Amino acid sequence: MKEYIRVNQACYDDLAEEYGDRADNKSSSEESESNLCKFILNTVTLPDDALVLEIGPGAGKILQCFSDLGFYTMGVELSAKMASLAHKSSPKSPIIIGDILKIDFVESQFDIIYLGALIHLFPQEDAMLLMRKVSHWLKPTGRVFVNTTCNDKNQEGFYEKKDYHGQCRRFRRRWTESCFNDFVIASGFLVLDTMYTDEHDRGKSWVAYVCKKA
């Protein structure tokens with residue numbers, strides 16, 4: 001396991017309890033799980049047996065939303081403590097604990113792959129590798145959700161996660177919106193719709209894309 005992944009794993013193990021509390025007490029500026037699911041589903045008609053993969057499900061609320069809609073769901077989570085939270089929220093969803101860069105699925109296996117607040121936890125080279133794996137796993141008619149915060153300049157490194165009480169250091173990449181858009185397109189995806197969220201109480205502005213394979 002690469003060093004930055006070990007650091008992130010330890011960070012999310014440490015913050016799991018607070019993540020769970022926040023998931024149960026969302027602020028008014030956060031997008032609801034139902035809005036995020038609708039954002040994707042408005043672009044596609046899925047079969048009844050659709051399979052949804054969430055990479056980094058955290059507290060598991062998105063998995064729960066898709067599961068409640070009747071879809072088959074599963075997750076891959078780096079942190080064992082976060083995986084436990086996800087399983088409690090969405091007990092029908094199998095959760096694989098491991099490094100997504102070392103995991104493989106069948107080609108064209110998934111109808112939806114959800115990467116919420118995740119892609120910026122990788123250096124750009126590994127982020128591109130992950131997006132290419134996602135493209136391989138996604139059905140030709142499938143959809144990908146990917147989002148990140150908008151920043152004034154591009155940079156990456158180890159930073160303290162200041163919006164949580166636990167002083168936790170993790171790896172983080174910061175993109176400008178235009179460079180993030182370029183990155184998604186260069187990864188082999190076509191952006192179908194865009195969502196902006198001003199999470200003002202945490203000082204974050206988010207851009208989210210729902211995409212298909214180009």
Side-chain angles (χ1 to χ4, degrees), residues 1-31 36 54-62 75-86 97-103 114-134 144-184 186-187 194-209:
M1 186 181 290
K2 295 182 178 180
E3 179 60 23
Y4 79 90
I5 295 177
R6 289 193 193 93
V7 170
N8 286 1
Q9 181 184 53
C11 177
Y12 285 100
D13 276 343
D14 287 345
L15 296 181
E17 183 176 352
E18 189 171 354
Y19 260 84
D21 290 342
R22 283 198 180 192
D24 291 332
N25 300 279
K26 294 174 74 70
S27 77
S28 59
S29 67
E30 291 181 79
E31 293 289 349
L36 292 166
E54 183 172 9
I55 304 171
K61 300 299 186 179
I62 290 292
V76 175
E77 175 57 59
L78 179 65
S79 160
K81 290 186 178 180
M82 296 289 272
S84 179
L85 289 178
I97 300 172
D99 176 359
I100 190 62
L101 296 178
K102 294 184 177 180
I103 292 172
Y114 192 97
L115 299 92
L118 175 100
I119 199 67
H120 49 241
L121 301 179
F122 299 86
Q124 182 156 339
E125 182 178 356
D126 281 355
M128 181 68 76
L129 173 61
L130 176 56
M131 291 295 280
R132 288 175 176 161
K133 288 167 74 78
V134 165
V144 169
F145 173 97
V146 60
N147 70 344
T148 194
T149 54
C150 301
N151 298 276
D152 294 333
K153 61 181 180 179
N154 300 304
Q155 57 185 158
E156 61 182 36
F158 291 94
Y159 305 95
E160 183 180 324
K161 189 166 173 55
K162 295 182 178 180
D163 54 334
Y164 278 73
H165 292 113
Q167 294 184 349
C168 179
R169 179 171 164 268
R170 64 168 185 173
F171 181 89
R172 180 68 150 81
R173 176 160 179 83
R174 294 170 177 164
W175 269 288
T176 64
E177 182 183 348
S178 62
C179 286
F180 183 61
N181 183 271
D182 290 345
F183 162 78
V184 171
S187 301
T194 305
M195 173 190 286
Y196 295 98
T197 303
D198 180 12
E199 203 175 345
H200 52 80
D201 58 333
R202 295 169 70 188
K204 294 182 177 182
S205 296
W206 294 84
V207 59
Y209 299 138

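Model, not experiment: these values are computed from the prediction.
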In sequence, state the C-alpha distance, the side-chain angles, and the governing distance for Q124 and N154, and then conclude on side-chain contact (heavy atoms from CB on, under 4.5 Å). CA-CA 10 Å; Q124 182 156 339; N154 300 304; over 6 Å; no

If you measure only the distance, is there a donor-acceptor pair under 3.5 Å linking the side chains of R172 and T149?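 Yes, side-chain donor-acceptor contact under 3.5 Å.
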
For residues Y4 and E156, is any side-chain donor paired with an opposing acceptor at under 3.5 Å?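 The answer is no; no qualifying pair exists.
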
Backbone N/O of [Y] and side chain of [X]: donor-acceptor pair under 3.5 Å:
X: D99; Y: M1; result: no
X: N8; Y: R170; result: no
X: E77; Y: G58; result: yes
X: E18; Y: L15; result: no

Are the side chains of [X] and [Y] in touch, meaning some heavy atoms are under 4.5 Å apart?
X: Y209; Y: V207; result: yes
X: Y12; Y: L78; result: no
X: I5; Y: L101; result: yes

Taking all atoms of both residues into account, what is the closest heavy-atom pair of [X] and [Y], and its distance?
X: A117; Y: N147; answer: N-OD1, 2.6 Å
X: T197; Y: S29; answer: CG2-O, 3.5 Å
X: P57; Y: V76; answer: CD-O, 3.2 Å
X: V184; Y: V146; answer: CG2-CG1, 4.2 Å
X: W206; Y: E199; answer: NE1-OE1, 2.6 Å
X: A16; Y: M82; answer: CA-SD, 3.5 Å

Can you say whether the rings of F171 and F158 are parallel (under 30°), tilted (30 to 60°) or perpendicular (over 60°)?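 Taking F158 first and then F171, their aromatic rings stand perpendicular (interplane angle over 60°).
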
Test: R173 cationic atom under 6.0 Å from F183 six-membered ring centre, within 45° of axis: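 No, R173 does not sit over the ring of F183.
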
State plainly whether the residues K61 and D24 are in salt-bridge range, i.e. N to O under 4.0 Å.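 A salt bridge links K61 with D24.
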
L129 and E125: CA distance, side-chain angles, deciding distance, side-chain contact (heavy atoms from CB on, under 4.5 Å) verdict: CA-CA 6 Å; L129 173 61; E125 182 178 356; over 6 Å; no

